[in-house]
Amino acid sequence: MTALTKYDRLEATALWRPEEGAQRVDVLLSLGDATLTISDMRENVLNHWSLPAIQRVNPGERPAIFRPGDDATEELETEDDEMIRALEKVRKLIERRRPHPGRLRHWVTAGVLVSLLLLAVFWLPGALRSYTVSVVPEPTRAAIGQQILTRIGRITGQECRGREGRAVLTRLARNTTGNPNLRVVVLSSGVQSSKHLPGNITLLNRALIEDFEHPDVLAGFLLAEELRRDSTDPIIPLLNHAGLRGTVQLLTTGYLPEAAIDEYAEDLLTTPQSEVSTTALLERFKAQGISATPYAYALDLTGETTLDLIEADPVPEALANPLLSDDDWVRLQGVCGE
């Protein structure tokens with residue numbers, strides 16, 4: 001029998017590192033009534049972990065990593081969903097059974113929070129969302145952005161990882177936008193042009209790099225996407241998509257439901273790009289000394305729908321600041337082929 005009545009027997013494969021610095025080896029895991037048994041592929045027992053002592057090193061991430069205690073250097077790494085769910089459930093059951101000093105204080109605090117949340121549900125749903133957005137810290141935003149990016153990667157494939165090209169792209173993007181923490185990810189498909197995620201992540205289609213003769217077009221898309229990020233906090237559309245339950249969960253636990261992130265990632269790829277203020281965008285082109293005309297013609301080859309950008313371009317192409325050397329531009333264009 002196992003620690004959960006749902007399973008008569010639960011086994012999974014994993015990678016086991018017996019100590020820090022040691023090479024990881026393939027092992028079999030067997031969930032028992034009070035222990036997790038680790039065996040080699042010939043079913044020779046290597047170790048037993050006490051279930052109450054097991055800790056999750058990387059909550060919410062895959063593959064899941066577990067340790068047998070606070071100071072342990074031994075680790076298990078598994079991607080088996082059933083085993084992960086079982087271990088997490090056992091940990092939660094054990095945690096609930098442990099004594100909790102100050103329980104009355106916690107119940108009082110919880111009661112006050114529940115009252116406030118009920119008030120927010122019935123009277124101030126917008127205020128609850130706004131408050132949640134205001135208190136989400138940068139590490140949480142980065143983690144959410146990475147979760148969305150991981151889900152998108154399952155649909156679009158892996159990002160382009162050419163080392164030299166990525167270094168040039170990072171430098172260009174941060175210099176162009178003035179965002180020192182900006183992370184740009186180039187995808188081969190899925191994203192029509194550009195999108196942005198929480199955690200200072202911007203997605204680009206590789207065509208913006210490979211289909212043009214100079215980086216001015218790419219710079220224009222980066223400026224426009226950064227303007228969208230500055231105009232609307234990227235957490236807001238995510239919470240609109242997650243709904244009230246997802247908003248409350250993020251506020252109280254720091255995590256969003258995985259289903260909400262999956263649905264948002266798929267929706268993000270199919271939602272049309274939002275419009276930006278022409279005046280505000282032109283001001284950014286002017287501030288950076290970049291011509292808006294190449295970007296305008298990239299949006300519309302005829303220039304008919306982007307005439308405002310062309311006619312009001314504050315920086316003639318001949319006077320625009322050079323963005324990259326020819327060598328760096330060549331390196332950047334190879335970001336998906338290195």
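Heads up: numbering here begins at 1 and tracks the sequence. Treat the numbers as computed from the prediction; the structure is a model and nothing was measured.
- R174 places a side-chain N or O within 3.5 Å of a backbone atom of L182 that can act as its donor or acceptor partner.
- Residues in residues 303-325 take part in no salt bridge (charged side-chain N to carboxylate O under 4.0 Å, His left out) pair, two or more places apart or across chains.
- When each of E77, R17, Q55, R56 is paired with I65, the side-chain contact (heavy atoms from CB on, under 4.5 Å) condition holds for E77 and for no other.
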Practice item. Apply side chain to side chain contact (heavy atoms under 4.5 Å, CB included) to T278 and L309, showing your working. Key: CA-CA 7 Å; T278 299; L309 285 172; 3.9 Å; yes
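- Taking a 6.0 Å sphere around OH of Y131, one finds it holds 12 or fewer heavy atoms contributed by other residues, nucleotides or ligands.
- Within the structure, salt bridge (charged side-chain N to carboxylate O under 4.0 Å, His left out) contacts touching residues 319-328 (residues at least two apart or in different chains) are R171-D328, D328-R331.
- Of the possible polar contacts, one joining the Q273 side chain to the S194 backbone as a donor-acceptor pair under 3.5 Å is found.
- At least one side-chain heavy atom of M41 sits under 4.5 Å from a side-chain heavy atom of D26.
- A continuous path of Ile, Leu, Val, Met, Phe, Trp and Tyr side chains, each step under 4.5 Å between heavy atoms, connects I209 with Y295, placing both in one hydrophobic cluster.
- Here the closest non-hydrogen pair linking C160 and R166 is O-CD, 3.7 Å.
- Checked by atom type and distance alone, the side chain of W329 pairs as donor or acceptor with a backbone atom of E213 at under 3.5 Å.
- Closest heavy-atom contact between T271 and D267: OG1-O, 2.7 Å.
- Both I38 and F66 are members of a single hydrophobic cluster when ILVMFWY side chains are connected at heavy-atom separations under 4.5 Å.
- Within the model, atoms CD of E275 and CG of L281 stand 11.0 Å from one another, a figure rounded to the nearest 0.5 Å.
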Practice item. Run the numbers on L204 and E225 for side chain to side chain contact (heavy atoms under 4.5 Å, CB included), then give the verdict. Key: CA-CA 10 Å; L204 297 176; E225 205 57 47; over 6 Å; no
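- Hydrophobic clustering, with ILVMFWY side chains joined whenever heavy atoms are under 4.5 angstrom apart, keeps V25 apart from V45.
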Exercise for review: Determine, step by step, whether W16 and E74 satisfy the side-chain hydrogen bond (donor to acceptor under 3.5 Å, both in side chains) criterion, reporting the C-alpha distance in whole Å, the side-chain angles of both residues, the deciding distance to 0.1 Å, and the verdict.
Suggested key: CA-CA 8 Å; W16 176 56; E74 186 179 358; 2.6 Å; yes
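- Contact between A292 and L282 at its shortest, heavy atoms only, is CB-CD2, 3.9 Å.
- No side-chain donor-acceptor contact under 3.5 Å links T35 to the backbone of T37.
- For the pair F221 and S193, the minimum side-chain heavy-atom distance is below 4.5 Å.
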Review point. So H214 and L323, side chain to side chain contact (heavy atoms under 4.5 Å, CB included) or not? Walk me through it.
Key: CA-CA 9 Å; H214 45 72; L323 297 174; over 6 Å; no
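- The CG atom of L36 sits 5.5 Å away from atom CG of L87, with the distance rounded to the nearest 0.5 Å.
- Under the 3.5 Å distance criterion, the side-chain polar atoms of N321 are matched with a main-chain donor or acceptor of Q288.
- A donor-acceptor pair under 3.5 Å is formed between the side chain of D300 and the backbone N or O of T305.
- Between V276 and S231, the closest side-chain pair of non-hydrogen atoms is not below 4.5 Å.
- Of all heavy-atom pairs between A298 and V217, the closest is CB-CG1, 3.5 Å.
- When each of L238, N200, I201, V133 is tested with R141 by the rule side-chain contact (heavy atoms from CB on, under 4.5 Å), just one qualifies, namely V133.
- Annotation: side chain of T293 is not in contact with side chain of D216 (no heavy-atom distance under 4.5 Å).
- A salt bridge does not link E283 with K286: every distance from a Lys NZ or Arg NE/NH1/NH2 to an Asp or Glu carboxylate oxygen is 4.0 Å or more.
- For the pair F285 and L223, the minimum side-chain heavy-atom distance is below 4.5 Å.
- Remark: R206 CZ to E159 CD distance equals 13.0 Å, nearest 0.5 Å.
- Using modelled atom types, no side-chain atom of R229 and backbone atom of P234 make a donor-acceptor pair closer than 3.5 Å.
- Contact check for I235 versus T132: no side-chain heavy atoms found under the 4.5 Å cut-off.
- Atom CD of E210 and atom SG of C336 lie 5.0 Å apart (nearest 0.5 Å).
- Residues L218 and V330 do not share a hydrophobic cluster, defined by chaining ILVMFWY side chains whose heavy atoms lie under 4.5 Å apart.
- Proximity of E258 to R151: side-chain heavy atoms (C-beta onward) are separated by under 4.5 Å at one or more points.
- When side chains are defined from C-beta on, L187 counts as touching I152, because their heavy atoms get closer than 4.5 Å.
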Point to revise | V136 and D233: CA distance, side-chain angles, deciding distance, side chain to side chain contact (heavy atoms under 4.5 Å, CB included) verdict | key: CA-CA 11 Å; V136 176; D233 192 306; over 6 Å; no
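- Annotation: the span from S39 atom OG to E11 atom CD amounts to 8.0 Å, rounded to 0.5 Å.
- Scanning all heavy atoms of the two residues, the minimum distance from Y255 to P59 falls at OH-CB, 3.7 Å.
- By the rule that hydrophobic residues join a cluster once side-chain heavy atoms approach within less than 4.5 Å of another member, L149 and V184 end up as members of separate clusters.
- Atom CD1 of residue I236 and atom OG of residue S130 lie 6.5 Å apart, to the nearest 0.5 angstrom.
- In this structure, the side chain of S188 does not engage the main chain of T156 through any donor-acceptor pair within 3.5 Å.
- Considering every non-hydrogen atom in both R62 and I84, the closest pair reads NE-CD1, 3.5 Å.
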